[in-house]
Amino acid sequence: MSITKPSIPKGTRDFSPDEMNKRNFIFDTLREIFKKYGYQQIETPAMENLSTLLGKYGEEGDKLLFRILNSGNFLEGFEPDDLASVELNQLSSYICEKGLRYDLTVPFARYVVQNRNEITFPFKRFQIQPVWRADRPQKGRYREFFQCDVDVVGSNSLLNEVELIQIIDEAFNRMNVRTVIKINNRKILSGIAEYIGEPERIVDITIAIDKLEKVGWERVQEELFQRGLAEGAINELKSIVQVLDLNNIEKLDFLEKVLFASESGLTGVKELRTLFEYLEILSIKTPVEIDLTLARGLNYYTGAIFEVKALDVEIGSICGGGRYDNLTGIFGLPDVSGVGISFGADRIFDVLNQLEGYPPDASQSTQVLFVNFGEKEELYCLPLVQKLREKGIKAELFPGNQKMKKQMSYADAKKIPFVAMVGETEMTNGTISLKNMVTGEQAAILFDELILKLSV
RNA sequence: GUGGAUGUAGCUCAGCUGGUUAGAGCGCUAGAUUGUGGUUCUAGAAGUCGCCGGUUCGAACCCGGUCUUUCACCCCA
C-alpha cells in the first residue's frame, strides 16, 4: 500500500481546538437562546432515504444531493451493456437508496409526520447539525456546513414570526454582529403576480426579481423577458417593485392600494402590518425592513420570508427562513403550518473571524498547569490537581518528567495563564510556587490561596 | 454544470528571457540557561517545486491533461 498525501474532500474543513472554541461560542449562544424561548432540541440521522429527499428542493437541489452507494453487490443483475445504455440519473436510483441530508427542514418535516402521535402541538424544536451539498465551493460556501434551525409547527399565529425575529435580534446582538433583517411575504408576491396578470408565473418572477439588488433592473427585465413574460406585465412589475425608498408603513400603504383586487395580496399586507405592530411594542434593536425583492430559492414558503444580512461583511445571508403552510403534506400530514429560520453557523463563523468579535476568554482552556518534577512530586501534585478540578478549576499535571523548558513552552503554547511549580522545597514548606505567565511574576502561596485565586 | 486564477519547506511567500548544489521570514529541534515560557544569540533538520505526460542538451519556469484551493455565473446557509 502506497503512502498517500493526507487530504480531506473538496469543500470540507478541519477545525482546530482554537477554531472549535470559537465555533462553540456560536453554537452555545444559539442553543441557550433557543432554549430560553422554549424550543426543544432534536437530532435526525446524517443520511435519509433518497425518497425522503428527492424532489423536495427542485431540480437543482436533486443534483446537489450526495448519494450513498448501496453496500454489498449493488450491481447484481446488471449486464455491462445495461450500464452503457442506462441514464446516469436512473442508474443512481438503482444503486443508491440513501443520501446525505441537504437541509434540516425536510428531515424535520419527516420527523414530525413520523412521530405525530408523540408530539404535542404547537411543536417548537431546534436542531443544530451539519448538512451536505455537492455544490462547487466558493466564498462562504462549503460542501459540509452546519445549520441551526428553529421552527414552530402546528400554529398559524403570527406571534411565532415575531418570536423568531426576537431570537434573531438577541442572537446577533449577543454575538456582536450588526445586521439587518429583511422581510417579505409570499402572499404579497402572489398578489403582485396576479396584479400584473401573470399569476402562474410567480416562480419565474420571484427568481428574477430576487437579483434586483445585485444586477439592477435592466438585467432583471431581460431575464423576465427571456422567461416569457409580456412586456406590459414587466412594466407594471417595475412600478411596484421599485418603491425601494419608501419606509415600511409607506410600502404597505402603497401595496394595499395597488393590490386591492387580490385577496391573497391583501392578506399578505395585513400579516405584515400585524407583524410590525407587534415589533413596535417590543424593543427590537435590529432594523427590520420590508424588501419586496426578497424571494429565496425554496418554493415551499407560503407566508413570511426572512433573511438576515451582516452589515459589516460581504458574505450573502447568514440566516434565513419563512413560513411554509404545507410542508408535512408531502409526507401525508396535510394542514400543518410551520414557520422557521435557519442560522448559517459557518458563515457566522466567517463573519466573526473577520470582525474578531469573540469574547477575549473564548480561546482559554486550562487555567493552571502543574510542572512535573518527577515521581515523588507527581504523587504529591496528583491529589492537588484533583481537588482543583472538584472546585471546577481547569487544571492539568504535565504528563512525564520532561525538561522544565519543554513544560513551560507547553503552557505558553496552550496559553495557560498560570503555572504551578511544586518541587522538593515547596513540598517541605507546604507551598506552591505560582507563576503568572502573562506578567512573569512568581510567588510562593498556599494551596487554599491557589483555589481562591483561580475560582471566579 | 460553465468560465477565470492558483499550487515551491509545517505556515506565508521569493525564485529574472528555461541553465548546473531551489531561497527568505516565521515556526520546529538543540544549545547558551541541568527549577522558568514568552524576548535575545548560536547551530541544525526540513522540499519528488500538486500529480501524470510532452517539448528541450537541459524544466520550478514552456505545452497538454488531471487533481487541489480560490473567484465569478447558476443556485444557495
Atom pair distance, as rounded to whole Å: CG in A:D135 and C1' in B:A72: 13 Å
Closest-nucleotide mapping onto RNA chain B: is A:G140 or A:T12 further toward the 5' terminus? I mean the 5' end. A:T12
Please write out the pairs of protein N or O atoms and N or O atoms of nucleotides 3-5 of chain B separated by less than 3.5 Å, giving the distance to one decimal.
| residue | atom | partner | partner atom | Å |
| --- | --- | --- | --- | --- |
| B:G3 | O6 | A:R136 | NH1 | 3.0 |

Taking the C1' atom of each, how far is B:A9 from B:A24, in whole Å? 11 Å
Hey, which of A:Y324, A:F123, A:F126 is the one that makes side chain to side chain contact (heavy atoms under 4.5 Å, CB included) with A:D151? A:Y324
Just to be sure I understand the rule, does A:E59 reach a base, reach only the sugar-phosphate, or reach nothing, if contact means heavy atoms closer than 4.0 Å? nothing
Quick one: does any side-chain atom of A:R143 pair with a main-chain N or O of A:P137 as donor and acceptor, under 3.5 Å? no
Minimum heavy-atom distance between A:T179 and A:A310, given as atom pair plus value: CG2-CA, 4.2 Å
Roughly how many Å apart are B:A77 and B:G38, using the P atom of each and rounding to a whole number? 48 Å
Considering only residues two or more places apart or on different chains, which pairs with a residue in residues 25-39 of chain A satisfy side chain to side chain donor-acceptor pair (under 3.5 Å)? A:D28-A:R31, A:E32-A:R174, A:K36-A:E170, A:Y37-A:E170, A:Y39-A:E163
Between P on B:G37 and CZ on A:F370, what's the gap in Å once rounded to a whole number? 20 Å
Please tabulate, one pair per line, all N/O donor-acceptor pairs under 3.5 Å involving side-chain atoms of residues 380-387 of chain A, not counting sequence neighbours.
none

ring-ring contact (aromatic ring centres under 6.0 Å, His included): pairs with one or both residues in residues 138-193 of chain A, sequence neighbours excluded: A:F27-A:F146, A:F172-A:F343
Which pairs count as ring-ring contact (aromatic ring centres under 6.0 Å, His included) when at least one residue sits in residues 407-453 of chain A, sequence neighbours excluded? A:F398-A:Y410
Using the C1' atom as the point on both nucleotides, what is the distance between B:A43 and B:C67, in whole Å? 40 Å
Compare the minimum distances between each of B:A77, B:U68, B:G35 and the side chain of A:S317, then state the nucleotide with the smallest one. B:A77
Sticking with atom C1', work out how far B:A22 lies from B:G58, rounded to a whole angstrom. 16 Å
Measure the distance from CZ on A:R133 to C1' on B:G1 and round it to the nearest whole Å. 17 Å
Under a 3.5 Å limit for both distances, which nucleotide forms a Watson-Crick or G-U wobble pair with B:A72, could you say? B:U2
Does B:C41 have a Watson-Crick or wobble partner in any strand here, with both distances under 3.5 angstrom, and which is it? B:G31
Could you give the distance separating B:U8 and B:G50 at their P atoms, to the nearest angstrom? 6 Å
If I take atom CG in residue A:L65 and atom P in nucleotide B:C76, what distance separates them, rounded to the nearest angstrom? 14 Å
For atom CZ of A:R143 and atom P of B:A77, their distance in whole Å: 17 Å
Work out how far the P atom of B:U2 is from that of B:U12, and round it to whole angstrom. 29 Å
Side chain of A:D412, base of B:G38: donor and acceptor closer than 3.5 Å? no
Please determine if a side-chain N or O atom of A:Q138 lies less than 4.0 Å away from the OP1 or OP2 oxygen of B:A72. yes
Using whole Å, what does the distance between atom P of nucleotide B:C76 and atom CZ of A:F306 come to? 18 Å
Side-chain atoms of A:M408 come closest, of B:U36, B:G35, B:C76, to B:U36
Pairs involving residues 340-352 of chain A, ordered by first then second residue, that meet salt bridge (Lys or Arg N to Asp or Glu O under 4.0 Å) (sequence neighbours left out): A:R13-A:D346, A:R23-A:D346
Checking N1-N3 plus N6-O4 or O6-N4 for Watson-Crick, or N1-O2 and O6-N3 for wobble, each under 3.5 Å, the partner of B:A14 is none
Sugar-phosphate, base or nothing in reach of A:Y142, heavy atoms under 4.0 Å: base
Apply salt bridge (charged side-chain N to carboxylate O under 4.0 Å, His left out) to A:E144 and list each qualifying residue two or more places apart in sequence or on a separate chain. none
Closer to the 5' end of RNA chain B via nearest nucleotide, is it A:A413 or A:F343? A:A413
Heavy atoms only, 4.0 Å cut-off, all strands: where does A:S409 land among base, sugar-phosphate and nothing? sugar-phosphate
Distance-only donor-acceptor test (3.5 Å): side chain A:Q442, base B:U36: yes
Separation of the C1' atoms in B:G27 and B:G44, to the nearest angstrom: 14 Å
Find out whether the Lys NZ or Arg CZ of A:R125 is both under 6.0 angstrom from the six-membered ring centre of A:F108 and within 45° of the ring's axis. yes
Polar-atom pairs under 3.5 Å, protein N or O versus N or O of nucleotides 26-32 of chain B: list them with distances, or write none.
| residue | atom | partner | partner atom | Å |
| --- | --- | --- | --- | --- |
| B:G31 | OP1 | A:K403 | NZ | 3.4 |

Those residues at least two apart in sequence (or on a different chain) that pass salt bridge (charged side-chain N to carboxylate O under 4.0 Å, His left out) with A:E48 are A:R110
Is a side-chain donor or acceptor of A:Q367 paired with a backbone partner of A:L454 at a separation under 3.5 angstrom? yes
Rounded to whole Å, please give me the gap between CZ in A:R219 and P in B:C73. 9 Å
With heavy atoms under 4.0 Å as the rule, sort A:V131 into base, sugar-phosphate or nothing. nothing
If you round to the nearest 0.5 Å, how far is CD1 of A:I119 from CD of A:Q114? 10.0 Å
Nearest whole Å is fine: how far is B:U34 P from A:F373 CZ? 14 Å
Under a 3.5 Å cut-off for both contacts, is B:A46 paired Watson-Crick or G-U wobble with anything, and if yes, with which nucleotide? none
Any N/O donor-acceptor pair, A:T425 side-chain to B:G35 base, under 3.5 Å: yes
Could you give the distance separating B:U69 and B:U20 at their P atoms, to the nearest angstrom? 34 Å
Residues touching RNA chain B, which here means a heavy atom under 4.0 Å, drawn from residues 374-384 of chain A: none
Using the aromatic ring of A:F145 (for Trp, its six-membered ring), decide whether it stacks on the base of B:A77 within the limits of 5.5 Å and 30°. yes
Is A:K139 close enough to B:C71 that one of its side-chain N or O atoms is under 4.0 Å from OP1 or OP2 there? no
Holding to salt bridge (charged side-chain N to carboxylate O under 4.0 Å, His left out), I want the full list of residues that pass it with A:R101, two or more places apart in sequence or in another chain. none
Counting any heavy atom closer than 4.0 Å, what does A:K309 reach on the DNA or RNA strands: base, sugar-phosphate only, or nothing? nothing
Who passes salt bridge (charged side-chain N to carboxylate O under 4.0 Å, His left out) against A:R227, sequence neighbours left out? A:D204, A:E223
